Amino acid sequence: MTNPYLLIKRLMDSLVASIVLIVLSPIILLSLLIQWTELGSFPVFIQTRPGKNEVPFNIIKLKTMNEKRDSKGNLLPDNDRITRFGKFFRSTSIDELPQLINVLKGDMSFVGPRPLLLIYLKLYNEEQRRRHDVLPGITGLAQINGRNALSWEEKFHLDVQYCKQQSFLLDCKILMLTLKKVLIREGVSAPNQATVENFKGN
């Protein structure tokens, strides 16, 4: 039987995403303009990620890194490619705002496990695969409990825990704590890294 809350959640996601997009559109447009100027190229990052039931969708984000490469044509490390404003956009989660479009489309929810890379699908164990039982989210249980400072095992444990326990009260708690985390800029990066290290399997 379908959880009635999931229907309400979808309606709330659409309504709130519409309002937030309108209210924050000046910030989004200004951020796009800044990154377009800094990068010298189109500032929107689009990548295919697995969604609910592992169905692929295209996630939309603001680019925060350039495409600089070494003499052999390999991309430089993330720490060397993240732009001056990119660091600020990451620390304030402004780079995530274009995902409101994904929420409107029904690809994502405000709350749920973060959508990761397609190549990770073959690396999960059966318990970790359960993170795809619900719509992925802009924020989630892992994001309020350490974000990128957590190990992959800790993140996946929290993702699956959310899938088993999702409710209106839990979602409200996650959203409120997310706002707090964004304001104090806590857990944005893994220790000594600009971005989190790739998952290599169990």
Side-chain angles (χ1 to χ4, degrees), residues 17 20-21 24-51 54-105 107-110 112-124 131-132 135-140 142-143 146-152 155-156 159 178 181-182 185-201:
V20 175
L21 264 176
L24 297 184
S25 58
I27 294 176
I28 296 173
L29 291 174
L30 178 60
S31 302
L32 289 170
L33 180 60
I34 290 172
Q35 283 303 83
W36 201 324
T37 301
E38 189 169 26
L39 292 169
S41 61
F42 191 57
V44 175
F45 175 78
I46 299 176
Q47 187 178 59
T48 303
R49 302 280 180 92
E54 302 181 3
V55 176
F57 73 98
N58 291 323
I59 194 171
I60 308 169
K61 298 181 69 174
L62 177 67
K63 278 186 180 179
T64 57
M65 292 189 288
N66 57 45
E67 298 295 320
K68 290 183 178 179
R69 299 173 182 269
D70 60 23
S71 58
K72 297 181 179 179
N74 300 312
L75 285 172
L76 294 176
D78 292 345
N79 279 327
D80 297 328
R81 294 193 297 119
I82 191 165
T83 67
R84 178 181 48 172
F85 285 102
K87 292 180 181 179
F88 171 74
F89 292 144
R90 279 177 177 265
S91 68
T92 56
S93 295
I94 289 175
D95 64 315
E96 309 283 359
L97 291 179
Q99 288 167 52
L100 291 167
I101 297 173
N102 288 120
V103 175
L104 275 177
K105 291 173 60 183
D107 298 326
M108 296 177 63
S109 173
F110 274 100
R114 286 293 298 160
L116 302 175
L117 300 177
L118 283 172
I119 59 174
Y120 292 172
L121 289 177
K122 61 184 179 182
L123 303 176
Y124 297 138
R131 68 190 307 279
H132 295 289
L135 281 176
I138 294 178
T139 186
Q143 281 60 52
R147 200 173 173 181
N148 288 338
L150 294 173
S151 69
W152 281 112
K155 287 181 185 178
F156 295 148
D159 288 343
T178 295
K181 294 283 185 181
V182 169
R185 304 186 191 181
E186 182 179 78
V188 176
S189 300
N192 304 315
Q193 298 183 63
T195 56
V196 69
E197 184 179 357
N198 286 339
F199 177 56
K200 296 183 176 66

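These figures come from a predicted structure and were not determined experimentally.
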Rounded to the nearest 0.5 Å, how far does [atom2] of [Y] lie from [atom1] of [X]?
X: Leu33; Y: Gln35; atom1: CG; atom2: CD; result: 10.0 Å
X: Met65; Y: Ile82; atom1: CE; atom2: CD1; result: 6.5 Å
X: Leu21; Y: Leu97; atom1: CG; atom2: CG; result: 8.5 Å
X: Ile27; Y: Phe89; atom1: CD1; atom2: CZ; result: 10.0 Å
X: Lys181; Y: Thr139; atom1: NZ; atom2: OG1; result: 10.0 Å
X: Ile94; Y: Thr64; atom1: CD1; atom2: OG1; result: 12.0 Å

(message) Test of understanding: with ring pair (Phe, Tyr, Trp, His ring centres under 6.0 Å), list the residues that count as partners of Phe110, not counting sequence neighbours.
(response) none
(message) List the residues meeting ring pair (Phe, Tyr, Trp, His ring centres under 6.0 Å) with Phe42, not counting sequence neighbours, and say none if there are none.
(response) Trp36
(request) In plain terms, say whether Lys63 and Glu38 are close enough for a salt bridge, that is, a side-chain N and a carboxylate O under 4.0 Å apart. (result) no
Can you name the nearest heavy-atom pair linking [X] to [Y], along with the distance?
X: Asn66; Y: Leu39; answer: CA-CD2, 3.7 Å
X: Phe57; Y: Pro136; answer: CE2-CG, 3.9 Å
X: Gln99; Y: Ile60; answer: CG-O, 3.1 Å
X: Ser31; Y: Leu62; answer: CB-CD2, 3.8 Å

(message) For Leu150, give me all partners under side chain to side chain contact (heavy atoms under 4.5 Å, CB included), at least two apart in sequence or on another chain.
(response) Ala142, Glu154, Lys155, Leu158
(request) Kindly write out the residues that satisfy side chain to side chain contact (heavy atoms under 4.5 Å, CB included) with Ser25, not counting sequence neighbours, or none if the list is empty. (result) none
(request) Apply side chain to side chain contact (heavy atoms under 4.5 Å, CB included) to Asp107 and Ile59, showing your working. (result) CA-CA 8 Å; Asp107 298 326; Ile59 194 171; over 6 Å; no
(request) Kindly write out the residues that satisfy salt bridge (charged side-chain N to carboxylate O under 4.0 Å, His left out) with Arg49, not counting sequence neighbours, or none if the list is empty. (result) none
Backbone N/O of [Y] and side chain of [X]: donor-acceptor pair under 3.5 Å:
X: Arg81; Y: Glu67; value: no
X: Arg114; Y: Asp159; value: no
X: Trp152; Y: Glu197; value: yes
X: Asp95; Y: Gly86; value: no
X: Ser93; Y: Glu96; value: no

In the structure I gave you, are the side-chain heavy atoms of [X] and [Y] within less than 4.5 Å of one another anywhere?
X: Val182; Y: Thr178; answer: yes
X: Leu75; Y: Arg69; answer: yes
X: Leu135; Y: Val103; answer: no

(message) Testing Leu117, Leu116, Leu123 one by one against Phe199 for a side chain to side chain contact (heavy atoms under 4.5 Å, CB included), which residue passes?
(response) Leu123
(request) Using the test side chain to side chain donor-acceptor pair (under 3.5 Å), find all partners of Lys122 that sit at least two apart in sequence or belong to another chain. (result) none
